[in-house]
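These figures come from a predicted structure and were not determined experimentally. Hydrogens, waters and symmetry mates are skipped; everything else that's a heavy atom, side chains included, is used.
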Amino acid sequence: MTSLRVRFAPSPTGYLHVGGGRTALFNWLYARKHGGTFILRIEDTDKERSNDTNTKSILEGLEWLGLHWDEGPYFQSEGIARHQQVARELLAKGWAYRSFATSEELEKQRKEAEAAKRPWLRDAPSRALSIEESDRRAAAGEPFAIRFKVPDDGGGTRFEDAVYGVQERKHADIEDFALLRPDATPLYNHVVVCDDVEMRITFVIRGQDHLSNTHKQLLIYRALGVEPPRFAHLPLINAPDRTKLSKRKHGEVVSVTTYRDRGFLPEAFRNFLALLGWSAGDDKEVYTSEELVQAFTLEGISRSNAIINFSESDPRMWTDKKALHLNQEHLNRMPLEELAPKVEPVLRGAGLWDDAYAAGGARHDWFLRALGLLRARFVTLSDFAGPGRAYFADDFETDAAARDKNLGKEPRLKEWLPALADRFEAAPEFTHAALEPLLRAHSDELGVKAGVLINAARTAVTGQSVGPSLFELLELVGRERVCARLRAAARLL
RNA sequence: GACCCUGUGGUGCAGAGGCCCAGCACGUCACCCUUUCAAGGUGAAGAUCGAGGGUUCGAAUCCCUCCAGGGUCGCCA
């Protein structure tokens, strides 16, 4: 009885993208739900394309997502000697053969196969070589790759995928794939099996792009005499144009760290990712992380590819609206005490942080009230430093459209605003309950609709045309700042 | 080309033969509330369930064909 072990095995040929993030998430959820071990393995066998920067950014992405691994990161490149050893064993046992065909010869073979309308399957001349002849040529220093000798027996491979169901493939449809290059460096299909065996992986959860590769890997398991793990393949995530997501084509939306940098909550992003290709079978959409772990099942994974919607031209749709919406939900449902530490780094980054806001600090309660009031209309954490800037600093910008709409149309505001400030100055207490009658009385006396003053005041005090209820916001910002801003706005008219 | 997978409103998902003249959410639109709104409330539009054939008393759900999209076929991962 071995315990459940799953792994996420990205190759560091790029940063962590959303598809990878989701694969990692599903592995993590599965492990968490069943008390298994979640392993991280970096597949860096392709030295040409792998680099440390990418590895770092993948780890960063996973950390931000909160997908903590129990073991690793292991680096595939560290096991090369073992991979080579296994390949030599396979060769010795007759499960593989030396493929002496040069690149040119292979290309020729493939062209001939194509011309004959047959798929290329084997390096037939090499495969037909006697062991003695093969040994002799190898000893003579002739370069060769090692290829798996797919049985010629009319049989096939079969496995039951947890998502896609029973999968069968005839040996006659599987080509003799290479295990080792002529320089003895190992290739993907071989390495994955070696490492999954070495790490005693019991369940492989990965992208659907590996579905057909699985048959090759099964062949290796069989040759090795090792019981293969179970498999679950995940549908792919595509771009709105239905093509594969790529940074070149689709830009930053595909990178997990973009979501971090744009003020996403990791739990919200996990929630979004989980819903891309999975559902509990009901209509529930907003999940806390605990609920997600509870509800997650492989059976709920769908087989069709999902599309992540976004638009390069519309900044409000820089990523999927659903993701944004989910973030807003999480932002608004989260206890304020939990939200506060998440907003802190954002404010720090914008130079808006005050240590008095911290838990136990003099202004902590005020800070929580501010977050509570502001978040109803905010979507991401970044909003606190953007449209929310005026609540934390005096050097905020006034939105041009807001100024035109609320301050620019009524010239008499030049007098009305300072007069309002005078009234506020004299108010016995600066609370929303006390402020509202004051403003309304003021507008009555002036014979204008309260809305004119209310909207002008909102823009003067916060720089925005939208925001929380004015009187609550005034109370929050405080008498001194409010009055100063009302007068300053009037001076600029 | 070969092999494999998929196909429910714009998007993400429900739906596992009758409860579906198809549900939820996002988005869109309208209205209400109101001091604003990218907030809240209410409501509307939007799907001949890829197409065509079957099976069945009855199909989005089962079968066949076709079409479309995706994946794999590398001495990439």
Side-chain angles (χ1 to χ4, degrees), chain A residues 9-13 43-46 48-50 76 99 101-103 106 110 113-114 117-121 143-147 161 163-165 167-170 172-175 177-183 185 187-189 191-192 207-216 233 235-236 238 240 242-244 272 275-286 300 302-310 316-317 320-326 328 332 375-379 383 387 402 405-406 436 439-440 449-459 464-471:
Chain A
S11 81
T13 52
E43 308 217 322
D44 60 343
T45 43
D46 186 346
E48 303 281 298
R49 301 200 300 149
S50 305
Q76 200 154 58
S99 174
T102 61
S103 305
L106 276 178
R110 290 200 165 95
E114 197 183 334
K117 298 208 171 201
R118 306 232 49 167
W120 179 89
L121 287 175
F144 60 86
I146 295 183
R147 281 181 191 285
D161 190 88
V163 173
Y164 287 93
Q167 300 293 310
E168 291 176 294
R169 198 161 174 200
K170 295 194 272 294
D173 288 325
I174 304 175
E175 73 282 3
F177 53 97
L179 269 25
L180 250 44
R181 293 187 182 91
D183 68 359
T185 54
L187 271 339
Y188 176 73
N189 284 113
V191 176
V192 192
Q208 191 237 52
D209 46 341
H210 290 293
L211 193 58
S212 356
N213 280 152
T214 307
H215 292 95
K216 296 174 192 166
H233 288 85
L236 270 19
N238 291 333
R242 299 192 176 268
T243 61
K244 203 160 33 171
F272 171 68
L275 259 22
L276 235 36
W278 171 85
S279 117
D282 54 25
D283 290 328
K284 185 175 168 67
E285 289 206 317
V286 184
S302 77
R303 301 178 181 187
S304 54
N305 293 347
I307 288 170
I308 177 168
N309 222 345
F310 56 84
R316 281 187 57 197
M317 232 189 106
D320 203 298
K321 284 277 197 178
K322 193 75 161 225
L324 260 4
H325 171 255
L326 250 13
Q328 186 168 25
N332 277 282
R375 69 175 175 177
R377 287 162 183 79
F378 284 176
V379 176
D383 290 338
K405 184 180 166 210
N406 295 331
E436 180 159 5
L439 182 140
R440 290 192 186 277
K449 287 203 296 188
V452 174
L453 282 180
I454 287 170
N455 289 328
R458 171 177 292 108
T459 301
Q464 304 289 314
S465 62
V466 304
S469 160
L470 177 76
F471 304 104

TODO: Figure out the NZ/P separation between A:K216 and B:C4, and round it to whole Å.
DONE: 14 Å
- [ ] Could you please name the partner base of B:U6, counting Watson-Crick and G-U wobble pairs only when both distances are under 3.5 Å?
- [x] B:A68
Task: Opposite nucleotide pairing with B:U56, Watson-Crick or G-U, both atom distances under 3.5 Å - done: none
Open item on the list: I want to verify a distance call: between B:C76, B:U72, B:U6, whose nearest atom is closest to the A:Y164 side chain?
Closed with: B:U6
TODO: Ignoring the backbone of A:Q208, work out which of B:U35, B:C5, B:C76 is nearest its side chain.
DONE: B:C5
Task: Assigned partner base of B:G43, Watson-Crick or wobble definition, under 3.5 Å - done: B:C29
Task: Gap in Å between the two P atoms, one belonging to B:A51 and one to B:U8, rounded - done: 10 Å
TODO: Return the nearest nucleotide to the side chain of A:N455; candidates are B:C73, B:U35, B:G12.
DONE: B:U35
TODO: Measure from the side-chain heavy atoms of A:R242 and tell me the nearest of B:U6, B:C4, B:U11.
DONE: B:U11
- [ ] For the pair A:R147 and A:E175, find out whether any cationic side-chain nitrogen is under 4.0 Å from an anionic carboxylate oxygen.
- [x] no
TODO: Report the nucleotide, chosen from B:C75, B:U72, B:U36, that has the shortest atom-to-atom distance to any side-chain atom of A:R458.
DONE: B:U36
Task: Side-chain donor/acceptor contact of A:R303 with base of B:C5 under 3.5 Å - done: no
Task: Nearest-nucleotide pick for A:H210, side chain only, options being B:U72, B:A77, B:U35 - done: B:A77
Open item on the list: Any base atoms under 4.0 Å from A:L326, or only sugar-phosphate, or nothing? Heavy atoms, all strands.
Closed with: nothing
Task: Pairwise side-chain contact, A:K322 with A:N309, heavy-atom cut-off 4.5 Å (strictly under) - done: no
TODO: Verify the ring-centre separation between A:Y188 and A:H210: is it less than 6.0 angstrom?
DONE: yes
Task: Donor-acceptor pair (no angle test) under 3.5 Å: A:S469 side chain, B:U35 base - done: yes
TODO: May I have the distance from A:N305 (atom CG) to B:G71 (atom P), rounded to whole angstrom?
DONE: 8 Å
- [ ] Please say whether more than 12 non-hydrogen atoms of neighbouring residues, nucleotides or ligands are located less than 6.0 Å from NZ in A:K170.
- [x] no
Open item on the list: Applying side-chain contact (heavy atoms from CB on, under 4.5 Å), can you list everything that pairs with A:T214, at least two apart in sequence or on another chain?
Closed with: A:F159, A:R206, A:L218, A:F231, A:H233
- [ ] Take atom C1' in B:G7 and the same atom in B:A47, then report the distance between them in whole Å.
- [x] 13 Å
Task: Residue closer to the 5' end of RNA chain B, A:S103 versus A:R169 (nearest nucleotide) - done: A:R169
TODO: Sticking with atom C1', work out how far B:C20 lies from B:C5, rounded to a whole angstrom.
DONE: 28 Å
TODO: Determine the Euclidean distance between corresponding C1' atoms of B:C4 and B:G18; express it in Å to zero decimal places.
DONE: 34 Å
When you compare the protein's N or O atoms with those of nucleotides 20-31 of chain B, which come within less than 3.5 Å of each other, and at what distance?
from  : atom 1 : to     : atom 2 : distance (Å)
B:G23 : N2     : A:D283 : OD1    : 3.2
B:C24 : O4'    : A:D283 : OD2    : 3.2
B:A25 : O4'    : A:E285 : OE1    : 3.4
B:A25 : O2'    : A:E285 : OE1    : 2.4
B:A25 : O2'    : A:K322 : NZ     : 3.4
B:A25 : N3     : A:K322 : NZ     : 2.5

Task: Side chain of A:S279 - closest among B:U35, B:C13, B:G74 - done: B:C13
- [ ] Check every atom of B:U11, B:G70, B:G12 against the side chain of A:L276 and return the nucleotide holding the closest atom.
- [x] B:G12
Open item on the list: Taking CZ in A:R181 as the centre, count heavy atoms belonging to other residues, nucleotides or ligands within less than 6.0 Å. Is the count above 12?
Closed with: yes
Task: Rounded distance in Å - CD (A:E168) to C1' (B:U72) - done: 18 Å
Task: Distance, rounded to the nearest Å, where A:N189 contributes CG and B:C73 contributes C1' - done: 11 Å
Task: Watson-Crick/G-U partner (both atom distances under 3.5 Å) of B:C24 - done: B:G12
- [ ] Select one nucleotide: of B:G71, B:C75, B:A38, the one nearest the side-chain heavy atoms of A:S212.
- [x] B:G71
TODO: Go ahead and name the base partner of B:A77; Watson-Crick or wobble counts if both distances stay under 3.5 Å, otherwise write none.
DONE: none
Task: Side chain of A:L236 - closest among B:U35, B:A77, B:G71 - done: B:G71
Task: Any strand: nucleotide that pairs with B:C49 via Watson-Crick or wobble, under 3.5 Å - done: none
